[in-house]
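What follows is a short report on a single structure.
Below, each value reflects all heavy atoms present in this structure, side chains not excepted, and no hydrogens, waters or symmetry copies.
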Amino acid sequence: MANIEQKYAKAVFDVALDTNTLEEMYEDFSAINESVKPYISQFKAIDQNPQQTNEQRHRFVGIVFGGANKYLYNMFMVLANNRHLSIIGKVFEVFNSLYNKYYNQDTAVVESVYELSDEQLTQIENVIKDRTNLDKVMIENKINPSLIGGVRITVDTTVMDASIENELKNMKQQMLR
């Protein structure tokens, strides 16, 4: 189903670029994504209900998403037609990835045993920029006591692990050899 999500996301992203509404669409889609997260199971029930007509799903979309950007609204109508309302979050993930790629930016999750200072996060941000050639890095600091010490950084699918937990695992593997 990932292919379906990519098609929807790419279509709405291309429309945003063509109509010069990328920022507006990103803001709307981001807010909608956060708002619908707790209700995805209800959206899935709507998708899977054979008694739910297209008209009923369209009315639902009109009520829930009526204030959205018109291009997003149209995409939600298409999602309703195809009984894909439950993939809104996944479509946003792909859209967000396209948005980040367009601006050469990404989010980095920095796991540490304790909350890092702004100075430490700035140093980590510079290391990430050097290693990834990104222009902008949005850092999210997560507390993970299992690391014992050090940090683990995840950017997209890249993991930079400088944690004591990882060092201990590596030492154990070397000793077992």
For this session: Decide whether N82 and Y8 meet the rule of one side-chain donor and one side-chain acceptor closer than 3.5 Å.
Result: yes
Exercise. Taking atom types as modelled and ignoring hydrogens, do the side chains of S146 and N144 form a donor-acceptor contact shorter than 3.5 angstrom?
Worked result: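 Indeed, the side chains of S146 and N144 share at least one donor-acceptor pair under 3.5 Å.
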For this session: Quick one: which residue pairs count as a ring-ring contact (aromatic ring centres under 6.0 Å, His included) with a foot in residues 103-136, not counting sequence neighbours?
Result: Y99-Y103
Shortest non-hydrogen contact between [X] and [Y], atoms and distance:
{"X": "V151", "Y": "S112", "result": "CG1-CB, 4.1 Å"}
{"X": "Q120", "Y": "S117", "result": "OE1-N, 2.8 Å"}
{"X": "I143", "Y": "E115", "result": "CD1-N, 3.2 Å"}
{"X": "R83", "Y": "P50", "result": "NH2-O, 4.1 Å"}
{"X": "I40", "Y": "S86", "result": "CG2-O, 3.7 Å"}
{"X": "A108", "Y": "V155", "result": "CB-CG2, 3.6 Å"}

Report, as yes or no, whether the 6.0 Å neighbourhood of atom [atom1] on [X] holds more than 12 heavy atoms from other residues, nucleotides or ligands.
{"X": "E55", "atom1": "CD", "answer": "no"}
{"X": "N20", "atom1": "CG", "answer": "no"}
{"X": "F60", "atom1": "CZ", "answer": "yes"}
{"X": "D118", "atom1": "CG", "answer": "no"}

Exercise. Quick one: are M25 and L72 in side-chain contact, heavy atoms under 4.5 Å?
Worked result: yes
Problem set entry | Any side-chain heavy-atom pair of V159 and R152 under 4.5 Å |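 The answer is yes, as the side chains (C-beta and beyond) meet within the 4.5 Å cut-off.
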Please check if the side chain of [X] supplies one atom and the backbone of [Y] the other of a donor-acceptor pair under 3.5 Å.
{"X": "N141", "Y": "L116", "result": "yes"}
{"X": "T53", "Y": "Q56", "result": "yes"}
{"X": "N104", "Y": "N133", "result": "yes"}
{"X": "R57", "Y": "A80", "result": "yes"}
{"X": "D28", "Y": "A68", "result": "no"}

Euclidean distance, [Y] [atom2] relative to [X] [atom1], rounded to 0.5 Å:
{"X": "N54", "Y": "M77", "atom1": "CG", "atom2": "CE", "result": "10.0 Å"}
{"X": "Q173", "Y": "L176", "atom1": "CD", "atom2": "CG", "result": "8.0 Å"}
{"X": "I4", "Y": "Q6", "atom1": "CD1", "atom2": "CD", "result": "10.5 Å"}
{"X": "E5", "Y": "H84", "atom1": "CD", "atom2": "NE2", "result": "9.0 Å"}
{"X": "E27", "Y": "I32", "atom1": "CD", "atom2": "CD1", "result": "12.0 Å"}
{"X": "R131", "Y": "N126", "atom1": "CZ", "atom2": "CG", "result": "12.5 Å"}

Same cluster or not: [X] versus [Y], using hydrophobic residues (I, L, V, M, F, W, Y) connected whenever any side-chain heavy atoms lie under 4.5 Å apart?
{"X": "V127", "Y": "M138", "answer": "no"}
{"X": "M75", "Y": "L17", "answer": "yes"}
{"X": "I148", "Y": "V110", "answer": "no"}
{"X": "V78", "Y": "F13", "answer": "yes"}
{"X": "L98", "Y": "L134", "answer": "no"}

For this session: Could you tell me whether F65 and F76 have their ring centroids closer than 6.0 angstrom?
Result: yes
Exercise. Aromatic rings F95 and F29: how do their planes relate, parallel, tilted or perpendicular, breaks at 30° and 60°?
Worked result: tilted
For this session: Please test I128 against I153 for side-chain contact (heavy atoms from CB on, under 4.5 Å), starting from the C-alpha separation and ending with a verdict.
Result: CA-CA 9 Å; I128 294 168; I153 304 165; 3.6 Å; yes
Exercise. After noting the C-alpha distance and the side-chain angles of T158 and T132, does the key distance pass the side-chain contact (heavy atoms from CB on, under 4.5 Å) rule?
Worked result: CA-CA 9 Å; T158 303; T132 61; 5.8 Å; no
Problem set entry | Partner set under salt bridge (Lys or Arg N to Asp or Glu O under 4.0 Å) for K129, not counting sequence neighbours |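 Once residues adjacent in sequence are excluded, the partners of K129 under the salt bridge (Lys or Arg N to Asp or Glu O under 4.0 Å) criterion are E125.
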Exercise. Could you walk me through whether V137 and D106 pass the side-chain contact (heavy atoms from CB on, under 4.5 Å) check?
Worked result: CA-CA 5 Å; V137 177; D106 211 338; over 6 Å; no
Problem set entry | E140/K142 salt bridge by N-O under 4.0 Å criterion |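 Counted as a salt bridge, because a side-chain N and a carboxylate O are separated by less than 4.0 Å.
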Exercise. Do F43 and I87 pass the side-chain contact (heavy atoms from CB on, under 4.5 Å) test, and can you show the C-alpha distance, the side-chain angles, and the key distance before you say yes or no?
Worked result: CA-CA 9 Å; F43 282 53; I87 67 167; over 6 Å; no
